[in-house]
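Report on one structure; see the data block that follows.
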Amino acid sequence: MDNEPKERDTGEDEAASGSISVARSFAPNRWVKLNVGGQIYTTTIDTLVGREPDSMLARMFLQDGSMKPSEKDEQGAYLIDRSPRYFEPIINYLRHGQFVCDANVSVMGVLEEARFFGIYSLITHLEERLGQQEEPQSDRPLTRMDVIKAIIQTSVITELRFQGVNLSGADLRKLDFRNINFKYANMSHCNLSHTNLNYCCLERADLQYANLECAQLVSVRGLCANMEGANLRGCNFEDPTGVRTNLEGVNLKSACLESSNMAGVNLRVANLKNANMKNCNLRAAVLAGADLERCNLSGSDLQEANLRGANLKDAELTLMVTPLHMSQAIR
């Protein structure tokens with residue numbers, strides 16, 4: 001009678017511990033084989049458990065039996081239905097603690113596998129790495145080829161927008177940009193010489209120190225654009241239909257506009273300090289409230305130009321094509 005309960009207890013213990021009896025047989029230095037998507041990996045229990053004890057791989061082989069190991073193939077390797085391409089960097093990370101992967105292996109793919117297996121220290125590292133890669137990539141200046149591809153791939157009846165795009169330092173000379181929206185774009189130090197920018201929107205665009213020599217700028221909307229130090233020598237702003245180019249509030253400080261055709265241009269309250277406007281055609285231009293301090297206007301034509309309220313302190317006004325009194329400055 002006394003033996004019967006003891007036999008039942010033994011049987012119950014075996015049944016209750018059946019799921020962990022295998023796990024308890026694993027020693028830390030024991031070698032095991034893993035069949036990951038058909039690729040065999042040989043490693044130790046210590047590698048799988050030591051660095052990430054809370055991961056799925058560790059729980060498969062920990063002695064607490066929190067997770068039963070998977071089935072084995074005919075060679076005795078534990079079957080894991082995942083991609084070997086992305087598993088190899090993970091097993092190597094568990095071995096030596098460093099993330100290393102070949103150039104043809106997607107870091108994002110490894111990150112997804114690390115999330116599946118619960119390798120949390122690797123997840124954090126990869127998320128930081130991808131964040132560092134994506135941030136500069138998203139703000140990388142577009143190249144000439146990037147811009148040409150966009151133009152070629154866009155239908156002529158579709159509006160092409162480069163609004164807010166970084167084009168800093170790009171070589172864009174001699175391209176046709178008619179009707180394109182560059183509002184808020186960063187075009188500083190761009191080479192835009194001999195480009196056709198007719199009817200473009202350059203509102204609040206950054207064109208500091210850009211080279212726009214001999215560019216076509218007919219009917220451009222450049223409200224409050226920053227063109228400080230830009231080279232606009234020999235540009236054409238005049239629309240034969242009479243539509244004004246609008247550069248109201250533009251910053252043209254120290255810019256070169258020599259020999260440009262700026263007839264009818266709206267430069268109301270523009271900053272033209274130290275600008276070179278020698279030999280410019282400024283007929284009927286609106287310069288009301290503009291800051292022309294130390295601006296070189298020698299040889300320019302200001303007939304019918306509106307200079308009311310303009311700051312002409314120390315401006316160079318010699319060799320004027322039209323006497324200053326024929327402008328609207330003093331009428």
task: Measure up the Phe162 and Phe182 rings against each other and bin them: parallel (under 30°), tilted (30 to 60°), perpendicular (over 60°).
output: parallel

- request: Please name the residue in the list Arg144, His194, Glu213 that meets the side chain to side chain contact (heavy atoms under 4.5 Å, CB included) test with Arg173.
  value: Arg144

message: In the structure I gave you, are the side-chain heavy atoms of Tyr209 and Glu228 within less than 4.5 Å of one another anywhere?
response: yes

task: Report yes or no: do Asp73 and Gln75 form a side-chain donor-acceptor pair below 3.5 Å?
output: no

field: Heavy-atom check, side chain of Thr43 versus side chain of Leu94, under 4.5 Å
entry: no

message: Minimum heavy-atom separation for Pro84 and Gln39, please, with both atom names.
response: CB-CB, 3.6 Å

message: Tell me whether Leu126 shares a hydrophobic cluster with Tyr86, the cluster being built from Ile, Leu, Val, Met, Phe, Trp, Tyr side chains joined at under 4.5 Å.
response: yes

- prompt: Side chains of Glu113 and Ser83: donor-acceptor distance under 3.5 Å anywhere?
  reply: no

task: Using modelled atom types only, decide if a donor and an acceptor are shared between the side chain of Asp102 and the backbone of Asn104 within a distance under 3.5 Å.
output: no

task: Measure from NZ or CZ of Arg129 to the centre of the six-membered ring of Phe99 and say whether it is under 6.0 Å with the direction within 45° of the ring axis.
output: no

message: According to a hydrophobic-cluster definition based on side-chain heavy atoms being under 4.5 Å apart (Ile, Leu, Val, Met, Phe, Trp, Tyr only), do Ile91 and Leu79 belong together?
response: no

field: OG-CD distance between Ser254 and Gln208, expressed to the nearest 0.5 angstrom
entry: 11.0 Å

- prompt: Is it the case that one hydrophobic cluster holds both Leu232 and Leu167, taking links as side-chain heavy atoms less than 4.5 Å apart, direct or via other members?
  reply: yes

- line: Of all heavy-atom pairs linking Asn271 and Lys273, the shortest is OD1-N, 3.2 Å

Nearest atoms (heavy-atom pairs only) where Leu130 meets Leu111: CD1-CD2, 3.6 Å

query: Do Thr241 and Asp239 pass the side-chain hydrogen bond (donor to acceptor under 3.5 Å, both in side chains) test, and can you show the C-alpha distance, the side-chain angles, and the key distance before you say yes or no?
result: CA-CA 5 Å; Thr241 65; Asp239 189 338; 2.8 Å; yes

query: Going by heavy atoms in the side chains, are Glu52 and Leu122 under 4.5 Å from each other?
result: no

- prompt: Should Val286 and Val265 be regarded as members of a common hydrophobic cluster, given that ILVMFWY residues are connected when their side-chain heavy atoms come within less than 4.5 Å of each other, either directly or indirectly?
  reply: no

query: Mind checking whether Leu257 and Leu223 sit in one hydrophobic cluster, side chains of I, L, V, M, F, W, Y counted as touching below 4.5 Å?
result: no

message: To check you understand the geometry: which heavy-atom pair defines the closest contact between Tyr199 and Arg221, and what is its length?
response: O-NH1, 3.7 Å

- request: Identify the two heavy atoms, one from Arg59 and one from Pro53, that lie closest to each other, and give their separation to 0.1 Å.
  value: CG-O, 4.3 Å

query: Asn236 versus Leu217: any side-chain heavy-atom pair under 4.5 Å?
result: no

field: Non-neighbouring partners of Ser193 that pass side chain to side chain donor-acceptor pair (under 3.5 Å), sequence neighbours left out
entry: Asn191

task: Flag the pair Val100 / Asn92 as yes when at least one side-chain heavy-atom distance between them is below 4.5 Å, and no otherwise.
output: no

task: Check Ala215 against Leu192 and note the closest heavy-atom contact, atom names and distance.
output: CB-O, 4.0 Å

- prompt: Can you tell me if CZ on Arg161 sees more than 12 non-hydrogen neighbours from other groups inside 6.0 Å?
  reply: no

Stepwise side-chain hydrogen bond (donor to acceptor under 3.5 Å, both in side chains) check, Asn198 with Arg178: CA-CA 5 Å; Asn198 291 347; Arg178 281 176 295 178; over 6 Å; no

query: At what distance, to the nearest 0.5 angstrom, does CG of Leu34 lie from OH of Tyr78?
result: 9.0 Å

Set of residues satisfying side chain to side chain donor-acceptor pair (under 3.5 Å) with respect to Asp54, sequence neighbours excluded: none

